[in-house]
Amino acid sequence: MAEVITDETIEYVGILAKLELSDEEKEKAKKDMGEMLQYIDKLNELDTDGIEPMSHVFSVNNVFREDIVTNGDDRENILKNAPEKNEESFIVPKTFD
């Protein structure tokens, strides 16, 4: 059976979350948290014997590929857009000394 959510529990959660809740919001939160606990109790009724635990509902695999440069060196065209440039880079104002 689900644990009963008390006013003290809602106050404590509000403090932890740094929330200022009105009395109406506290009552709604108490109801919502109670419903969540009831749902968890319902899930606990399921027979999970023989079911392997999983960390994610979808299978997750790392996909590695070769790091292949596809855009090449187009420095000349890129530097055409620069307001100030030298032979190989943008010139920008100093940001610190």
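All residue numbers refer to positions in the sequence shown, counting from 1. All values below were derived from every heavy atom in this structure, side-chain atoms included, with hydrogens, water molecules and symmetry-related copies excluded.
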Donor-acceptor contacts, no H, no angles, side chain residues 42-54, under 3.5 Å, sequence neighbours left out:
from: N44; atom 1: ND2; to: I40; atom 2: O; distance (Å): 3.4
from: D47; atom 1: OD1; to: D49; atom 2: N; distance (Å): 3.1

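- The shortest non-hydrogen separation linking L79 to N86 is CD1-O, 4.4 Å.
- Side-chain contact between L21 and K28 is absent, with no heavy atoms from C-beta onward closer than 4.5 Å.
- Between K30 and D7 there is a salt bridge, since a side-chain N of the basic residue sits under 4.0 Å from a carboxylate O of the acidic one.
- Across all non-hydrogen atoms, the minimal contact from E88 to R75 is O-CD, 3.4 Å.
- The list of side-chain hydrogen bond (donor to acceptor under 3.5 Å, both in side chains) pairs with a residue in residues 12-22, not counting sequence neighbours, reads S22-E25.
- With respect to the salt-bridge test (charged N to carboxylate O, under 4.0 angstrom), the residues K31 and E27 do not qualify.
- There is a path of hydrophobic side-chain contacts, each under 4.5 Å, that joins M36 to V13.
- Minimum heavy-atom separation, K80 to K85: CA-NZ, 4.2 Å.
- By the 4.5 Å heavy-atom criterion applied to side chains, E8 and E11 are not counted as neighbours.
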